[in-house]
Amino acid sequence: MNFQNPDKNGYYGDFGGAFIPEMLYPNVAELQEKYIQIIESEEFQDEFQDLLKNYVGRATPLYFAKNLSEKHQTQIYLKREDLNHTGAHKINNALGQALLAKKLGKHRIIAETGAGQHGVATATACALLGLECIVYMGEVDIQRQAPNVARMKMLGATVIPATSGSKTLKDAVNEALRDWINNPSTTHYIIGSVVGPHPFPDLVARFQSIISKEIKGQLNEKIGRENPDYVIACVGGGSNAAGTFYHFVNEENVKIIAAEAGGLGVDSGKSAATTFLGTLGILHGSQSLVMQTEDGQVIEPHSISAGLDYPGIGPMHANLFNQKRAEFFSINDDEALKSAFELTKIEGIIPALESAHALAVLDKKKFEKEDVVVICLSGRGDKDMETYLKHL
Amino acid sequence: MKKLNIYFTAGVPKLEDTGKIAKLIQESGADMMEIGIPYSDPVADGPVIQEAHSLALKNGMSIKKLFEQLAEIKDSVTIPKILMGYLNPVLQFGFDNFCQKCAEVGVSGLIIPDLPPIEFENKYGEILKKHNLNFTFLVTPETSEKRIKYLDSLSSGFLYAVSSSSTTGNDNAVLKNENYLDRLASLNLTNPVFIGFGIKNKSDFENVTEKAQGGIIGTAFVKILLENQDWESKAESFIQSVKN
């Protein structure tokens, strides 16, 4: 089975598709028809690769974390997506989609953001490429991610608070979809994760696949083999995970681990661990695993990390879970915090709270001393400083 | 005579008002009604209907409850009743089971805006047919002629022509888009065409139905239910003012 690409209708196994109202059909159909042709064209790739190298600062290092390795008695490499321009992996996708939007003749960009990383990345790409930028962000997230809100505004974006529901990421997606419905011809919606109607999950995964592509080359240089024993990434919607897993999912000898946000615990009613709590459903245009009531109403998720505070996961990940190709862990808020402080103390790296969930897998799973474990450090922790300070 | 179709969200302003509102719509002279099934994430709707969904859920509305209420008015409300909702709650109820219950309580058709035609053809069309239920697709000014014909061929009951590409209740809705209305009228469609989104009063209704067979009023009606203690008299006179 090919795990990384959907079929022609956008399905990964039982998950995916494009469940959209007719008002969005022209936009989505146009994307479906054109995205592969555009992004694989030489012209697009020349421009994109040049920006990734000279603007984003790729390739990001694959850092052998000696102290962390010693502590956990295994060989740990960190893929330093936190060292990208704007401080997270999100820029890979935002730049790619902003370029795509220009090729499609759109001059207005909308985006949703949870932790603000995708919003900042999109605002940055728009500033660079001269596109109007509107970012929807949950009212609660605006409060807990103030530095990123300030950055977006400085970059020229308009930040619009989503005031419905839990006032977090899910509601920001709803508002962005509404905007897109109301502005179909001028606007492209840069979805920040591997969620949404087909082709978004595939589009975002392709732009993020640079992560696993680089890991392969870098590992080969460092240890003489392309494949690690484990790759680990955190999953909210799942974009950094999709990028980290992309070139490994069809490699049987690579074990894949995804870390979800357990919040206060999967049984606490305050959680965002979708594979533990979710059932088959439709959210934001695709069929996947969704946290919902028996009546099909979406349950408000909770995580200390705004970027993981989402009641679904991307269809590619739902399929990896369903096929048992990936092992999923639920990491609670306090476990993520502990891992963040550990990395900061012994490696001098302050990770994003999202990434700290992936790091916390080190306490949950026993690795062999010779195992090569690659963890995606999806972003840096500056934006989470207020939360960290509260728990110091 | 142009047909007037009134939409309201089940479970507002109070949980038990569904039957009362359905009767009022019939008695005020509307020709049919759409009953909205509340959903936590109604992305195709604007703020007013979204608020109605949210209040209805807070009031305790569920699909099970709605079917109980519809069973009570099965014999007294005889104009066509259509259920409108999002796919996820229907799927959780079980699509076949849902359709069977619809048939039992006298629902004549469904509108599920986020159910795409390809899924309808692959899976759901057969089930609807088995239970003798109509299904209405939406078209917009951006829908190509080829696709309008295709969606018309899959629809039964009527075709829902959204007045502009927008969420419900959008003030910018283009209510007299001549090209669009002419195009729809010239296509010799199988189904009658009903125009919806943005119709607030009699003059809007008359405008859009010059070339179409009917009009749908949602947001303007729901607003009356949400904003007035004495919504019964206001809702009644609103419908009468549009229809007469």
Side-chain angles (χ1 to χ4, degrees), chain A residues 8-11 16-30 32 162-166 170-187 189 196-198 279-288 290-300 311-312, chain B residues 37-47 50-51 53-54 56-57 60-66 85-94 98 111-119 122 137-144 147-148 151 159-162 164-168 170-173 197:
Chain A
K8 69 176 171 45
N9 294 323
Y11 277 92
F19 294 85
I20 46 161
E22 185 64 21
M23 292 80 90
L24 281 179
Y25 176 79
N27 301 38
V28 171
E30 183 186 30
Q32 286 174 354
T163 55
S164 63
S166 54
K170 162 180 94 82
D171 311 291
V173 177
N174 288 338
E175 290 305 327
L177 283 169
R178 285 197 182 98
D179 182 314
W180 208 22
I181 288 172
N182 284 306
N183 298 284
S185 52
T186 56
T187 302
Y189 177 15
H198 172 61
T279 51
L280 188 69
I282 287 162
L283 178 65
H284 298 144
S286 72
Q287 179 159 284
S288 190
V290 179
M291 287 167 48
Q292 57 185 324
T293 65
E294 279 183 7
D295 292 330
Q297 309 297 343
V298 179
I299 292 173
E300 311 287 2
Chain B
I37 304 166
Y39 179 47
S40 53
D41 295 77
V43 292
D45 288 298
Q50 185 189 12
E51 193 193 326
H53 281 235
S54 167
L57 290 172
M61 184 45 89
S62 66
I63 292 180
K64 188 167 168 267
K65 181 82 192 163
L66 177 57
Y86 290 82
L87 184 55
N88 193 51
V90 175
L91 287 185
Q92 303 312 316
F93 194 86
F98 181 85
I111 304 173
I112 304 176
D114 59 343
L115 174 64
I118 185 173
E119 303 287 340
N122 289 343
F137 278 96
L138 273 60
V139 299
T140 80
E142 273 77 37
T143 311
S144 69
R147 189 168 166 87
I148 292 175
L151 294 171
L159 188 67
Y160 195 136
V162 175
S164 71
S165 281
S166 68
T167 45
T168 54
N170 190 328
D171 281 341
N172 298 323
F197 286 32

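These numbers come from the heavy atoms of this one structure, side chains and all, not from hydrogens, waters or symmetry mates. Residue numbers start from 1 in every chain, and the chains themselves are labelled A, B, ... in the order their sequence lines are given, proteins ahead of strands.
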Participant: Among Gln297(A), Glu175(A), His284(A), which residue forms the greatest number of heavy-atom pairs with chain B at distances under 4.5 Å?
Facilitator: Gln297(A)
Participant: How far apart are the closest heavy atoms of Pro113(B) and Gly85(B), and which atoms are they?
Facilitator: CD-O, 3.2 Å
Participant: Contact part of Val139(B) toward chain A, heavy-atom cut-off under 4.5 Å: side chain, backbone, both or neither?
Facilitator: backbone
Participant: Lys170(A), Glu300(A), Gln287(A): which one forms the most heavy-atom pairs within less than 4.5 Å of chain B?
Facilitator: Lys170(A)
Participant: For Gly281(A) and Gln92(B), which heavy atoms make the closest approach, and how far apart are they?
Facilitator: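 Minimum heavy-atom separation between Gly281(A) and Gln92(B): CA-NE2, 3.7 Å.
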Participant: At a 4.5 Å cut-off on heavy atoms, which part of Glu51(B) comes close to chain A: side chain, backbone, both, or neither?
Facilitator: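 Contact with chain A: none, neither part.
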Participant: Examine whether an atom of Gln292(A) lies under 4.5 Å from a heavy atom of chain B, and if so say whether it belongs to the side chain, the backbone or both; otherwise answer neither.
Facilitator: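 Only the side chain of Gln292(A) comes within 4.5 Å of chain B.
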Participant: Who wins among Val90(B), Thr140(B), Leu87(B), Asn88(B) for the most heavy-atom pairs under 4.5 Å with chain A?
Facilitator: Asn88(B)
Participant: So which part of Leu280(A) gets closer than 4.5 Å to some heavy atom of chain B, the side chain, the backbone, both or neither?
Facilitator: backbone
Participant: If I measure from the heavy atoms of chain A, does Glu119(B) come under 4.5 Å with its side chain, its backbone, both, or neither?
Facilitator: side chain
Participant: Of the non-hydrogen atoms in Ala18(A) and Pro116(B), which two are nearest, and what is the gap between them?
Facilitator: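 Residues Ala18(A) and Pro116(B), closest heavy atoms: O-CG, 3.3 Å.
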Participant: Where on Leu57(B) is there a heavy atom nearer than 4.5 Å to chain A: the side chain, the backbone, both, or neither?
Facilitator: side chain
Participant: At a heavy-atom separation under 4.5 Å, does Ala29(A) approach chain B through its side chain, its backbone, both, or neither?
Facilitator: neither
Participant: Heavy-atom distance under 4.5 Å to chain B: side chain of Phe19(A), backbone, both or neither?
Facilitator: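 Contact with chain B: backbone and side chain both.
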Participant: With a 4.5 angstrom heavy-atom cut-off, which part of Val43(B) approaches chain A: side chain, backbone, both or neither?
Facilitator: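 Both backbone and side chain.
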Participant: If we only count heavy atoms from C-beta on, is the Asp41(B) to Tyr86(B) side-chain gap below 4.5 Å?
Facilitator: no
Participant: Tell me, for Pro117(B) versus chain A, whether the close heavy atoms (under 4.5 Å) come from the side chain, the backbone, both or neither.
Facilitator: neither
Participant: Would a 4.5 Å heavy-atom cut-off, applied to side chains only, mark Ile37(B) and Phe93(B) as touching?
Facilitator: no
Participant: Counting heavy-atom pairs closer than 4.5 Å to chain A, which one of Leu115(B), Ile63(B), Thr143(B) comes out on top?
Facilitator: Thr143(B)
Participant: Heavy atoms only: give me the nearest Ile181(A)-Leu24(A) pair and the separation to one decimal.
Facilitator: CG1-CG, 3.5 Å
Participant: Measure Leu138(B) against the heavy atoms of chain A and call it side chain, backbone, both or neither at under 4.5 Å.
Facilitator: both
Participant: Can you list everything that forms a ring pair (Phe, Tyr, Trp, His ring centres under 6.0 Å) with His53(B)? Sequence neighbours excluded, please.
Facilitator: none
Participant: What are the two closest heavy atoms between Thr187(A) and Trp180(A), and how far apart are they?
Facilitator: O-NE1, 2.9 Å
Participant: Could you check whether any side-chain heavy atom of Tyr160(B) comes within less than 4.5 Å of a side-chain heavy atom of Glu22(A), counting everything from C-beta outward?
Facilitator: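 No. Closest side-chain heavy atoms not under 4.5 Å.
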Participant: Using every non-hydrogen atom in the two residues, find where Pro26(A) and Glu142(B) come nearest and quote the distance to one decimal.
Facilitator: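 In terms of heavy atoms, the two residues are closest at CG-CB, 3.7 Å.
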Participant: Under 4.5 Å from any heavy atom of chain B, what part of Asp179(A) do you find: side chain, backbone, both or neither?
Facilitator: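 Asp179(A) has no heavy atom closer than 4.5 Å to chain B.
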